[in-house]
Amino acid sequence: MSSSIFNPPSSTTALLLRSRHPVLVGPTSLRFLTVRSSSPSSRVLSVAASATEESAMVIDGKAVAKQIREEIAVEVSKMKEAVGVIPGLAVILVGDRKDSATYVRNKKKACESVGINSLEVNLPEDSTEEEVLNYISGYNDDPAVHGILVQLPLPSHMNEQNVLNAVRIEKDVDGFHPLNIGRLAMRGRDPLFVPCTPKGCIELLHRYDISIKGKRAVVIGRSNIVGMPAALLLQREDATVSVVHSRTSNPEEITRQADIIISAVGQPNMVRKSWIKPGAVIIDVGINPVDDPSSSRGYKLVGDVCYEEAIQVASAITPVPGGVGPMTIAMLLQNTLSSAKRIHGFE
Ligand code: NDP
């Protein structure tokens, strides 16, 4: 499902960019921005950007994710018609964490919205690791299941490594199996799956035609699920990559060198204006609740990057919420579809 169709600017698909900073887009679209589609049948694309004289273009992850889900729905029904197979995703949830239950519910809804079958098992907090492994083993052997996802974090009495290693690499739609991560890190090897959140970050850059090759990129955060694979992906796309973490000396100075910043830290508003090179592109993965008495919930979500400051200096930025978040689930659906296609030899 890689992007292959370039839609020429038109009144519905392009916006005049009036940012005072050059945007790192391809040669044909320095002033016009188009949002790519990977579906040849897509004629009208969501307009997913806005820019003003003094502010960065907003990278609209919600609109792009919607477009991707529509593309997936088309592929799912084509596959069903041609080979009678419906992709299936199995989700294993252990314990009763509210945030995990919400993520699982959202994933289930997203599957339904594109026609992917979802199976779910909900195990109590005091389940044994062996019970979880038994479920994984069952799904590994189940031909109706093409993707297996173990919702993290697991209860502390379980060994996460044992559990993730048990998922068959061919069904590892989260991309967390060490073999998939190892292949991602090696030149000349291809992982079967790429972890969904970093994959979503790169997909946003692609869909907005933001060039990566030869650019200086800084990834802030080095977790197994976001920062580290994001850095590997950027390197595979020929960026020159630095990774900033909690022990980095002078993270501000290093970050200021970046043409592309991906931040996955979990610290609200850590990246300030002075950290950002004029014209940089910012992908903010962080989701941080902060007090907000004006909201009925009493809090609001912000990213790692101080948005109000960053839009004054960056050329493009993802908002929080509405940036990377919706892309994560879209990439999970994409991984599940591509798994089903690969298993059944459907092109
Ligand atoms: P982790 O806590 O696993 O990793 C955080 C990383 O940030 C670590 O590598 C840590 O460094 C680094 N870090 C912490 N403090 C600093 C600091 N002051 N300066 C520089 N680096 C620092 O978090 P995740 O990767 O799981 O998640 C990161 C953020 O992304 C969270 O806000 C999370 O909610 C969000 N997220 C969003 C998703 C989405 O779909 N949009 C999906 C997943 C996560 P060290 O390694 O040295 O400890």
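Read the numbers this way: they start at 1 and go in the same order the structure lists the ligands and their atoms.
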Side chain or backbone of [X] under 4.0 Å from ligand 1, or both, or neither, by non-hydrogen atoms?
X      : value
Val265 : both
Asn224 : neither
Met270 : side chain

Tell me which protein heavy atom sits closest to [atom], plus the residue, atom name and distance to 0.1 Å.
atom                    : answer
atom 42 (C) of ligand 1 : Thr197 OG1, 3.3 Å
atom 12 (C) of ligand 1 : Gly221 CA, 4.0 Å
atom 37 (C) of ligand 1 : Val285 O, 3.2 Å
atom 31 (C) of ligand 1 : Gly266 CA, 3.7 Å
atom 26 (O) of ligand 1 : Ile225 CD1, 3.7 Å
atom 24 (P) of ligand 1 : Ser223 OG, 3.7 Å
atom 39 (C) of ligand 1 : Thr328 OG1, 3.7 Å
atom 8 (C) of ligand 1  : Arg222 N, 3.9 Å

Check this for me: Asp291, atom CG, are more than 12 non-hydrogen atoms of other residues, nucleotides or ligands nearer than 6.0 Å?
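No, CG of Asp291 has 12 or fewer neighbouring heavy atoms, counting only those of other groups under 6.0 Å.
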For the CZ atom on Phe346, are there more than 12 heavy atoms of other groups (residues, nucleotides or ligands in this structure) within a distance under 6.0 Å?
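More than 12 heavy atoms, drawn from other residues, nucleotides or ligands, come within 6.0 Å of this atom.
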Would you say [X] and [Y] make side-chain contact, with heavy atoms under 4.5 Å?
X      : Y      : result
Val114 : Leu337 : no
Val285 : Thr197 : yes
Cys111 : Leu333 : yes

Output yes when the distance from some N or O of ligand 1 to some N or O of Asp304 is under 3.5 Å, and no in every other case.
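N/O-N/O distance under 3.5 Å: no.
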Taking the non-hydrogen atoms of Ala264, is any one of them nearer than 4.0 angstrom to ligand 1?
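The answer is yes: ligand 1 sits under 4.0 Å from a heavy atom of Ala264.
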So is Gly325 close enough to ligand 1, meaning a heavy atom under 4.0 angstrom away?
yes
Should [X] and [Y] count as an ion pair when the cut-off is N to O under 4.0 Å?
X      : Y      : value
Lys78  : Glu75  : yes
Glu203 : Lys199 : no
Asp190 : Arg236 : yes

Which residue from Gly61, Ala230, Ser246 reaches closest to atom 10 (C) of ligand 1 through any of its heavy atoms?
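Answer by nearest heavy atom: Ser246.
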Report the member of Asp99, Val243, Ile287 with the shortest heavy-atom distance to atom 34 (O) of ligand 1.
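The residue whose heavy atom sits nearest atom 34 (O) of ligand 1 is Ile287.
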By number and element, which atoms of ligand 1 are closer than 4.0 Å to a non-hydrogen atom of Asn288?
32 (O)
Tell me, which pairs form a ring-ring contact (aromatic ring centres under 6.0 Å, His included) where one or both residues lie in residues 255-305, sequence neighbours left out?
none
Can Arg97 be said to sit on top of Tyr103's aromatic six-ring, NZ or CZ under 6.0 Å from centre and within 45° of the ring axis?
no
Pick out which of Lys213, Lys277, Arg216 makes a salt bridge (Lys or Arg N to Asp or Glu O under 4.0 Å) with Asp259.
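It is Lys277, the one option of Lys213, Lys277, Arg216 that forms the salt bridge (Lys or Arg N to Asp or Glu O under 4.0 Å) with Asp259.
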